[in-house]
Amino acid sequence: MPKIELDNLKIRKCRIDDVRDIYEIQETVIDNFKEDEKGYFLPFKEESYLRIVNNPENDGEIYGAFYNDKMIAWIFLSVSSRMKQIKSFIPDIDSKCADIDGVIVLPEYRGNGLQKVLVKYLEERAKEKGIYNVVAEVTFGNEFSLKNLQDLEYEIKNWYQKDENIKRYILLKRLSK
C-alpha cells in the first residue's frame, strides 16, 4: 500500500469532467469487496453522478481527493429529499441535516486515514451551508468505517434493515456552530 503525504492531498468539489473517475473508483472498490463486504456500498449509475454534479442544490456535492493529480477517493454530501426518511429514524434532529452518502477510497490507498480526512472536510462544507447535523450510515460488519466515524464523534442513533441481507447503523454528529 503506498503511503501518501497528506500535505500533498488536494480536495475539491467535483466537476462534470470528474464523473468518469468517480464512477471508475466506485467500480474498482466494489470489484475488490470480499463476499461478506457486498452491500457496504450500494452503487450509483454513472448518469446519477452526472445528475448530482450538475444539480448540487437539490442533490448534494461530491468532493474528490486528488494525489499527484489523480483522484484516489471521494465523499458525497447528500442533501436530497431522502433526508426526510433519515430524519424519521432520528426524531430529535431540529434543524437542517445532511448525509454522508458514501466515502470511497481506492483499495491501494486504504490505511492512509483518507476516510477521516474526507469526513472532516465534508463537515466544514456542511457548516458553510448552515448544516449542523450530519448523518452517516454504516452496514453491519463494516467495523473499520464504524470505528472511524465513532473516532470522529459520530454516535449510533438507530439502525434499519435495508433489505433481507443488509442492516445499517444510522449515526449522527452535531457540528458546533
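Along the sequence shown, the residues carry numbers beginning at 1.
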Kindly give the heavy-atom pair with the smallest separation between R12 and Y121, and that separation in Å.
-> CA-OH, 4.2 Å
For the student: nearest non-hydrogen atoms of N148 and K116, plus distance | OD1-CE, 3.2 Å
Is there side-chain contact between Y154 and L172, with at least one heavy-atom pair below 4.5 Å?
-> no
For E128, which residues count as a salt bridge (charged side-chain N to carboxylate O under 4.0 Å, His left out) partner, sequence neighbours excluded?
-> R125
If every non-hydrogen atom of V134 is compared with every non-hydrogen atom of A126, which pair is closest and at what distance?
-> CG2-CB, 4.2 Å
Take V138 and R168 through the side chain to side chain contact (heavy atoms under 4.5 Å, CB included) test and state the conclusion after the steps.
-> CA-CA 5 Å; V138 177; R168 289 198 164 160; over 6 Å; no
Identify the heavy atoms of M71 and D18 that sit nearest to each other, and give their distance.
-> CE-CB, 3.7 Å
Applying side chain to side chain contact (heavy atoms under 4.5 Å, CB included) between T28 and each of N32, D31, I25, I30, report the one that passes.
-> N32
Apply the side chain to side chain contact (heavy atoms under 4.5 Å, CB included) test between E24 and each candidate in R20, Q26, E27; give the one that qualifies.
-> R20
For residues G130 and K96, report the shortest heavy-atom separation together with the two atoms involved.
-> O-CD, 4.0 Å
Got a second to check how far L77's CG is from E123's CD, nearest 0.5 Å?
-> 10.5 Å
So, E143 and K147, do they make that salt bridge, N to O below 4.0 Å?
-> no
Do the side chain of N55 and the main chain of R51 share a donor and acceptor less than 3.5 angstrom apart?
-> no
Those residues at least two apart in sequence (or on a different chain) that pass salt bridge (charged side-chain N to carboxylate O under 4.0 Å, His left out) with D21 are none
How far apart are the C-alpha atoms of K120 and E124, what are their side-chain angles, what is the distance that settles it, and do they pass the salt bridge (Lys or Arg N to Asp or Glu O under 4.0 Å) test?
-> CA-CA 7 Å; K120 288 178 188 176; E124 290 305 312; over 6 Å; no
CG-CG distance between L171 and N158, expressed to the nearest 0.5 angstrom = 10.5 Å
Validation row: I72, V105 side chains within 4.5 angstrom (heavy atoms) = no
Nearest-0.5 Å distance that lies between atom CG in L122 and atom OG in S78 = 10.0 Å
Starting at CG of D99, measure out to CD of E137 and round the result to the nearest 0.5 Å.
-> 5.5 Å
Under the salt bridge (charged side-chain N to carboxylate O under 4.0 Å, His left out) test, which residues partner K10, sequence neighbours left out?
-> none
Report yes if the side chains of C14 and I22 come closer than 4.5 Å at any heavy-atom pair, otherwise no.
-> yes
Mind listing the side-chain donor-acceptor pairs of residues 62-70 below 3.5 Å, one per line with the distance, residues two or more places apart or on another chain?
unit_1 : atom_1 : unit_2 : atom_2 : d
Y63    : OH     : E61    : OE1    : 2.2
Y67    : OH     : E5     : N      : 3.2

When rounded to the nearest 0.5 angstrom, what is the spacing between CD1 in I166 and CG in N142?
-> 11.5 Å
Kindly indicate, with the supporting measurements, whether the criterion ring pair (Phe, Tyr, Trp, His ring centres under 6.0 Å) is fulfilled by W74 and Y49.
-> CA-CA 12 Å; W74 57 261; Y49 291 121; 5.5 Å; yes
What pair of heavy atoms forms the shortest contact from Q115 to S145, and how long is it?
-> NE2-OG, 3.4 Å
Check ring-ring contact (aromatic ring centres under 6.0 Å, His included) between F144 and all other residues, then give those that pass, not counting sequence neighbours.
-> none
Heavy-atom side-chain contact between I4 and Y109 under 4.5 Å = yes
Whether S48 side chain and F44 backbone form a donor-acceptor pair below 3.5 Å = no
Residue list, salt bridge (charged side-chain N to carboxylate O under 4.0 Å, His left out) with E153, at least two apart or on another chain | none
Kindly compute the distance separating OH (Y169) from OG1 (T139), expressed to the nearest 0.5 Å.
-> 10.5 Å
Looking at side-chain heavy atoms only, is the closest gap between I100 and F76 below 4.5 Å?
-> no
Non-hydrogen side-chain atoms of N133 and I90 separated by less than 4.5 Å = no
cation_pi(K177, Y132) dist<6.0 Å, angle<=45 | yes
Between K173 and E155, does at least one N-O distance fall below 4.0 Å, as a salt bridge requires?
-> no
